[in-house]
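Working notes, structure below.
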Amino acid sequence: MNILVVPGIHSVTFTHEFIRSVQPLLDKAWVTPSQVVPVYSPQHVLAFLDMQCEHIGLDGSTLGHGSQAILFIGFSAGVVGSIGAARQWQTQGGQVTALIAVDGWGVPLYGDFPIHRVSHDVWTHWSSLHWGPAYDNFYAEPAVAHLELWRSPHTASGIRTGTQQHNVSFSDDQKGKTAGAFVQSLLNFYGKK
């Protein structure tokens with residue numbers, strides 16, 4: 001499974017810590033360099049994705065995306081770039097496995113693929129649902145700081161909510177654990193498809 005991580009505008013070390021906390025599932029993920037690529041720009045994120053696909057032998061210029069399914073993980077401003085790039089990727093013939101939107105409050109999230117929200121508090125979670133449907137979701141309870149959710153998802157305990165429309169199943173020990181465990185369970189589920 002190919003995974004594209006699109007961070008927000010913050011210290012690069014926060015993204016390294018996020019990836020480290022969700023290891024080994026994100027070891028080979030492509031990470032959009034937020035210090036070079038404007039992560040809020042779908043066109044720039046898609047161009048970065050095309051470059052990565054060229055490195056593994058896909059010719060992005062001929063839109064040979066059909067066999068490459070991508071799972072997008074976006075954080076904060078990176079959710080803007082992620083949803084736009086995912087929709088464009090799909091329009092050009094690519095497959096989108098899912099989008100995991102971490103604290104993308106106020107970003108309209110619509111697509112013909114599963115969308116999951118991870119929020120730093122209950123208010124962000126419930127108010128975000130007005131910006132588009134989502135499937136299985138997670139919010140921190142008690143609330144954590146916005147950047148803390150990204151930097152240390154393994155320490156953000158909380159509650160899983162959702163419709164389970166894509167049969168994402170969680171064992172009882174995964175329900176209500178941490179944001180990191182929730183993301184890992186999604187990656188495990190989509191990795192088996």
Donor on one side chain, acceptor on other, Asp27 and Gln23, under 3.5 Å: yes

Side-chain donor-acceptor pair present, His10, Ser76, cut-off under 3.5 Å: no

Are any of the side-chain heavy atoms of [X] and [Y] separated by less than 4.5 Å?
X: Phe189; Y: Pro114; answer: no
X: Leu4; Y: Asn2; answer: no
X: Ser41; Y: Phe48; answer: no
X: Leu99; Y: Ser82; answer: yes
X: Arg160; Y: Lys177; answer: no
X: Leu26; Y: Leu187; answer: yes
X: Phe75; Y: Thr15; answer: no
X: Tyr139; Y: Thr161; answer: yes

Looking only at heavy atoms, what is the nearest atom pair of [X] and [Y], with distance?
X: Pro38; Y: Val45; answer: O-CG2, 4.4 Å
X: Ala86; Y: Val96; answer: O-CG2, 3.4 Å
X: Val5; Y: Ala29; answer: CG2-CB, 4.0 Å
X: Thr155; Y: Ser152; answer: OG1-O, 2.8 Å

Parallel, tilted or perpendicular: rings of His116 and Phe182 (30°, 60°): perpendicular

Parallel, tilted or perpendicular: ring planes of His146 versus His120, cut at 30 and 60 degrees: perpendicular

Donor-acceptor under 3.5 Å (Arg87 side chain, Tyr110 main chain): yes

Same cluster (ILVMFWY, side-chain, under 4.5 Å), Ile9 and Val12: no

Sidechain N-carboxylate O distance under 4.0 Å for Arg20, Glu17: no

